[in-house]
Every structure is written in C-alpha cells, then in structure tokens.
Novice: 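Take a look at this one; I'll ask things after.
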There are 2 protein chains.
Amino acid sequence: MSSESPKRLLFRQFAAVAKAVAHEHRLELLEALAQGERRVEILANRTGMSVANTSQHLQLMRRAGLIESRREGKFTFYRLSGPAVLDLLAALILIGERHVGEVDKIVRTYFLSRDELEPISRSELRKRIKGGDVQVIDVRPQDEFASGHLPNAINIPLEELEAQLAMLDTKKEIVAYCRGAYCVLSFDMVERLRARGFKARRLEDGWPEWQAAGLPVMVCGQGSRAGT
Amino acid sequence: MSSESPKRLLFRQFAAVAKAVAHEHRLELLEALAQGERRVEILANRTGMSVANTSQHLQLMRRAGLIESRREGKFTFYRLSGPAVLDLLAALILIGERHVGEVDKIVRTYFLSRDELEPISRSELRKRIKGGDVQVIDVRPQDEFASGHLPNAINIPLEELEAQLAMLDTKKEIVAYCRGAYCVLSFDMVERLRARGFKARRLEDGWPEWQAAGLPVMVCGQGSRAGT
DNA sequence: ATATCAATCAATCAAATAATTGAATATTGT
DNA sequence: ACAATATTCAATTATTTGATTGATTGATAT
C-alpha cells in the first residue's frame with residue numbers, strides 16, 4: 001500500500017520548492033542573489049544570520065532547485081538557478097500586495113504611498129534614457145553597482161548623497177532605482193531628493209527585473225560611476 | 001528595540017503567502033479551486049482529507065490571501081483570490097520541472113515522456129478548433145465539465161471511454177485535456193486512444209490556463225456533452 | 001607540514017505546524 | 001421550536017522545522 005498517485009508525488013516535490021521560499025530569511029537571501037552571485041559569508045552579513053545558519057538555508061534552497069552553487073578556491077558562490085525564481089518571487093509579492101491587508105498597512109506606514117512616488121515603468125525609463133533627458137541614480141552599494149547597472153546610471157549610495165549633490169543637474173528629472181520592488185533604498189533616495197527640491201521619481205522595480213527583461217545594461221567600470 | 005526594518009516586515013508577509021502554498025494537500029486544494037469555486041465537503045472528498053482538516057487548510061490559505069470564500073445558505077464556497085495564484089503555481093511547477101531531479105524521475109516513471117505525447121499549445125488548438133478538423137475531449141468529471149469547458153469539447157471521463165467510443169470519428173485527430181499540466185487524466189486518455197489506433201494528443205496545459213488566457217469558453221448545457 | 005580561512009556537518013533544544021477528535025455555531029426544512 | 005446538515009472552533013498529540021554550538025572538511029599560503 002506504499003504506492004501513491006504520481007500526482008501526489010509531484011505535488012510533494014512542488015510543495016518542497018514552495019517550502020524553500022517560505023521563510024523570511026530565505027526570501028532575503030534570494031533578493032540578494034537576484035543581484036548576482038554571492039559568497040556565503042557576504043550573504044550572512046547582509047541578512048544578519050550566522051554563517052552556519054546561512055549555509056544551511058542556502059543548501060536547503062539548493063536541494064529545492066531554487067539556487068545553484070559553484071566552488072572557486074576556498075569560496076562557494078551561490079546564484080539563482082534561473083529566471084523562473086524571479087517569477088515565483090514576483091507572484092508572491094503580487095498576491096501579498098493585492099490580497100494581504102498587512103502588506104498595504106506596512107507600505108502605508110513606512111513608505112510614501114506608491115501614487116505619490118509616481119513610479120516610472122521600465123519601458124518608459126528606457127525611452128527617456130535614450131532621449132537623454134533624465135538622470136538615473138543607482139542607490140545600491142558600490143559592489144552591486146560594479147557587477148552591473150542601467151545604462152548611463154551613476155552610483156550614489158544613500159550615505160554619499162551629500163557628497164555627490166553637486167554632481168546633479170537641478171534641471172533634469174532624476175529616476176532612482178535599487179534592488180527591486182520593496183527595496184527601501186530608492187524610496188529613501190526619492191524622499192531626500194524631493195526634500196532638496198529635485199524632481200525625483202522611482203523606477204517601479206529594480207535591477208534584477210531590468211536585467212531579466214533583457215534590456216541594455218552596463219558592467220563594471222565601463223559605465224560612469226559618480227565621484228572618487 | 002522592537003522596531004524592525006519595513007523590508008523585513010514585508011518579507012515576513014510574503015513568506016506567509018509562500019507558507020500557505022507549501023503543503024502537498026494545499027496544492028491539491030488549489031488545483032481543485034483552479035477549476036472553479038467549490039464547497040468544503042467536495043474539496044475534502046477530492047483530497048481524501050477530513051472535513052475539519054480541509055476547513056482548516058482552507059482558512060489558512062484565506063488568511064494568506066490565496067483564496068476567498070462566499071457563504072450561500074448552509075454552504076461555504078471557496079475560490080482563488082485572483083489570477084496571480086495561477087502564476088504562483090506555474091512558477092512553482094516550472095522550477096520543479098527544470099531544477100528538481102525527482103520531478104523528472106516521477107514524470108518518466110509514470111507518464112509517457114512529454115515529447116512522445118507531442119502536446120499541442122493553446123493557440124494552435126484554438127486555430128484547429130476554428131478550422132473544425134479536430135475533436136476535443138474533456139477528460140474531467142461531469143460536474144467540472146458542466147461548470148465550463150473548451151468550445152466544441154465533448155466530455156468523456158476515463159471510465160466512460162468504452163461506452164463512448166462509437167461517438168468518435170476515427171479520421172479526425174483527437175486532442176484531450178483535463179485539469180492542468182500534471183493532471184493524469186489526459187495522459188491516460190491519450191494512451192488509451194492511441195492503443196485503439198486513434199491519432200491522439202494532449203493539450204499542453206488544461207482548463208484553468210485556457211480560461212485564464214481569456215480564450216473562448218462554453219458553460220453548462222450549452223456545449224455538446226457526450227452520451228446520456 | 002602547518003596555520004588559516006571558508007564553508008559544511010552533526011547534535012541539541014526550542015518553536016511552529018499538522019492531524020485528530022469532539023464540541024460548537026449557523027442555516028435550512030419540518 | 002426542533003432536528004438535520006455544513007462548517008468552524010478548540011484542545012491534544014505527533015511531527016517538522018529553525019537556530020545555536022562546536023567540531024570537521026577542503027583549499028590556499030607560508
């Protein structure tokens with residue numbers, strides 16, 4: 001009587017995939033990995049978990065097929081196993097936004113409302129970049145910027161805004177972006193820029209989605225990096 | 001020190017959504033609900049769970065925003081909260097297929113390989129239905145067929161195949177479909193039809209996806225139902 | 001060889017989740 | 001009002017999952 005329906009067996013596997021995303025910290029790890037491949041220790045720092053704990057979570061996700069790893073010398077690099085993982089996260093976020101009251105409440109409490117921020121879409125931003133009438137600011141840390149960013153974007157992490165203010169053209173509109181839909185960085189940046197009288201908006205999503213959409217990108221030192 | 005980052009709070013909510021799908025039985029419930037709204041008892045029978053247990057799982061998913069309910073007299077009907085839920089399931093299945101070895105093994109063991117079955121796409125099937133050179137068989141139970149099906153489809157559940165064989169045109173190609181990508185019914189139907197010399201293929205997905213894609217449908221007694 | 005460092009493993013304890021049972025609630029029909 | 005029916009609630013127990021600790025592996029550099 002141990003034989004079970006194949007459908008049941010398959011569902012068990014799919015449930016295992018879902019279980020692997022069903023944890024606060026693992027979602028945070030996936031968000032970090034959506035920026036590009038990363039070492040265990042870096043991920044541990046980012047999420048504030050112990051290295052051992054981080055390692056276990058990563059292995060769990062690897063077993064579930066969400067991520068893959070590569071060994072290079074002493075280091076193990078992890079990366080997303082494919083674009084379907086981003087789809088999974090997007091679906092999760094969409095359901096949260098539409099149908100979970102808590103999400104709405106948190107967004108209202110901590111972020112400017114989405115309408116006030118007038119987010120700009122990927123396709124619209126692309127046109128305006130071509131037109132050259134917009135300044136694009138990448139709010140992520142320097143290392144993430146270096147491993148890939150939007151064309152003509154300049155890198156200004158939040159804490160460097162003061163130092164880089166002079167770089168900005170007060171006439172041109174600014175569009176800020178960071179890691180993704182719920183990365184706080186670009187929200188903060190837009191607020192601060194507006195407080196200083198700039199015309200600033202947010203990209204509606206972030207770097208991983210831009211990249212996944214196959215839009216043009218720049219890597220490393222090729223693009224313009226602000227300051228220093 | 002109780003204040004946490006808003007991102008962490010949001011991720012907690014998204015993780016809760018993921019947890020709600022992360023269970024074998026709940027996936028099965030969602031698959032059933034993807035066919036249309038259903039009562040608790042019906043769902044309990046379908047999944048082989050007790051009514052109380054089913055009710056608890058359903059409430060958990062409702063709290064997570066995956067499903068909604070409606071009371072009608074003594075009955076409570078549950079339904080998916082929106083199309084994003086289907087996207088979530090699709091992403092889950094895609095990751096499983098691509099990156100989980102077990103899934104592949106199960107498919108190989110229990111189903112004909114996908115290539116052998118030469119599945120037909122939604123758009124192709126739509127064209128051929130218009131052309132009228134194809135017989136479409138809905139393999140689902142009668143009640144599911146009644147609440148909606150593909151245009152010109154006839155309903156032949158597996159156990160009725162023998163009785164309905166005479167209905168089928170041996171010249172025309174047959175396309176069978178059922179509940180979705182991993183519903184066994186249409187696999188079985190194609191195998192049986194081929195064993196009898198028919199030219200038979202599978203629709204690559206099933207009723208929920210057809211409906212979600214906004215393609216034309218028929219409801220209730222309006223369409224042709226085979227036999228009796 | 002040995003020291004060092006990144007990552008993993010193994011064992012433990014604490015916490016969350018799932019199934020079961022029987023009682024409780026709400027609605028319908030008599 | 002009363003019984004019948006569909007669903008939910010509450011309490012219990014078994015199982016699974018998560019974090020922590022310290023030991024272990026594997027690779028590099030001295």
Side-chain angles (χ1 to χ4, degrees), chain A residues 1-2 4 8 11-30 32-33 37-79 102 143, chain B residues 4 8-9 11-30 32-33 37-79 143:
Chain A
M1 220 56 183
S2 79
E4 283 195 274
R8 190 59 67 84
F11 277 15
R12 187 165 302 157
Q13 298 301 320
F14 299 144
V17 177
K19 270 183 193 145
V21 276
H23 191 284
E24 208 179 327
H25 287 153
R26 291 197 288 266
L27 283 175
E28 214 172 341
L29 290 170
L30 290 173
L33 290 173
E37 65 172 14
R38 292 282 183 279
R39 292 174 28 211
V40 178
E41 200 182 352
I42 304 296
L43 293 167
N45 293 340
R46 162 74 73 83
T47 55
M49 290 191 288
S50 74
V51 173
N53 198 4
T54 304
S55 173
Q56 303 208 65
H57 281 298
L58 289 169
Q59 286 174 71
L60 188 153
M61 290 196 283
R62 183 174 53 193
R63 265 175 267 132
L66 291 170
I67 59 179
E68 295 168 345
S69 66
R70 172 177 75 85
R71 182 99 194 210
E72 189 178 309
K74 304 200 273 192
F75 307 115
T76 308
F77 288 88
Y78 281 90
R79 63 176 177 280
E102 274 304 309
D143 61 308
Chain B
E4 282 194 275
R8 190 61 65 86
L9 290 172
F11 278 15
R12 186 164 303 156
Q13 298 302 320
F14 300 143
V17 177
K19 272 186 191 140
V21 275
H23 192 285
E24 210 178 325
H25 287 153
R26 290 197 288 265
L27 284 175
E28 214 172 340
L29 289 170
L30 290 173
L33 291 173
E37 65 172 15
R38 291 282 183 279
R39 290 176 29 215
V40 178
E41 201 182 353
I42 304 296
L43 293 167
N45 292 340
R46 161 76 71 85
T47 54
M49 290 191 288
S50 73
V51 173
N53 198 3
T54 304
S55 173
Q56 304 210 58
H57 280 300
L58 289 169
Q59 286 175 69
L60 188 154
M61 290 196 283
R62 184 174 50 192
R63 265 175 267 135
L66 291 170
I67 60 179
E68 296 168 344
S69 67
R70 169 177 77 83
R71 182 103 194 204
E72 187 178 310
K74 304 200 272 192
F75 308 114
T76 307
F77 287 88
Y78 282 90
R79 63 176 178 280
D143 61 308

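Here is the naming used below: chain letters follow the sequence lines, and residue numbers restart at 1 for every chain. Just so you know, these numbers come straight off a predicted model, no measurement behind them. Just the heavy atoms: all of them, side chains too, but no hydrogens, waters or symmetry mates, feed the values below.
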Novice: Between protein and nucleotides 16-22 of chain C, what N or O pairs are separated by less than 3.5 Å?
Specialist:
unit_1 : atom_1 : unit_2 : atom_2 : d
C/dA18 : OP1    : B/R26  : NH2    : 3.2
C/dA19 : OP2    : B/N53  : OD1    : 3.4
C/dA19 : OP2    : B/H57  : NE2    : 2.6
C/dT20 : O4     : B/Q56  : NE2    : 2.9

Novice: Please tell me if the side chains of B/L60 and B/H23 come closer than 4.5 Å, counting only heavy atoms from C-beta onward.
Specialist: no

Novice: CD of B/Q13 to CD of A/E24: how many Å apart, nearest 0.5 Å?
Specialist: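 Spacing of CD (B/Q13) from CD (A/E24) equals 9.5 Å.
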
Novice: Distances under 3.5 Å between protein N/O atoms and the N/O atoms of nucleotides 4-6 of chain C, please, pair by pair.
Specialist:
unit_1 : atom_1 : unit_2 : atom_2 : d
C/dA6  : OP1    : A/E41  : OE1    : 3.2

Novice: So, do B/R26 and B/L66 sit near enough that their side-chain heavy atoms are less than 4.5 Å apart?
Specialist: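 They are not in contact (no side-chain heavy atoms under 4.5 Å apart), so the answer is no.
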
Novice: Would you say the side chain of B/T47 lies within less than 4.5 Å of the side chain of B/N53, judging by non-hydrogen atoms?
Specialist: no

Novice: Does B/R39 have any salt bridge (Lys or Arg N to Asp or Glu O under 4.0 Å) partners at least two apart in sequence or in another chain, and if so, which?
Specialist: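 Expected list: B/E41.
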
Novice: Quick check for you: name the first and last nucleotides of DNA chain D, 5' to 3', having an atom under 4.0 Å from a heavy atom of chain B.
Specialist: D/dT5 to D/dA10

Novice: In terms of ring plane angle, is the pair A/H25 and A/H57 parallel, tilted or perpendicular, where the classes change at 30° and 60°?
Specialist: perpendicular

Novice: Working to the nearest 0.5 Å, report the span between CG of B/L30 and CD1 of B/I67.
Specialist: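 Answer rounded to 0.5 Å: 7.0 Å.
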
Novice: Got a sec, which pairs hit salt bridge (Lys or Arg N to Asp or Glu O under 4.0 Å) with one end in residues 45-68 of chain B, sequence neighbours left out?
Specialist: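 Matches after skipping sequence neighbours: B/R46-B/E144, B/E68-B/R79.
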
Novice: Describe the nucleic acid contact of A/F77 in one word from base, sugar-phosphate, nothing, applying a heavy-atom distance below 4.0 Å.
Specialist: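 Answer is nothing: A/F77 stays at 4.0 Å or more from every strand.
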
Novice: Which value, rounded to the nearest 0.5 Å, describes the distance between A/F11 atom CZ and B/L27 atom CG?
Specialist: 6.0 Å

Novice: Please enumerate all residues that pass side-chain contact (heavy atoms from CB on, under 4.5 Å) together with B/D143, with sequence neighbours excluded.
Specialist: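 Partners of B/D143 by the side-chain contact (heavy atoms from CB on, under 4.5 Å) criterion, ordered by chain and then number, come out as B/P141.
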
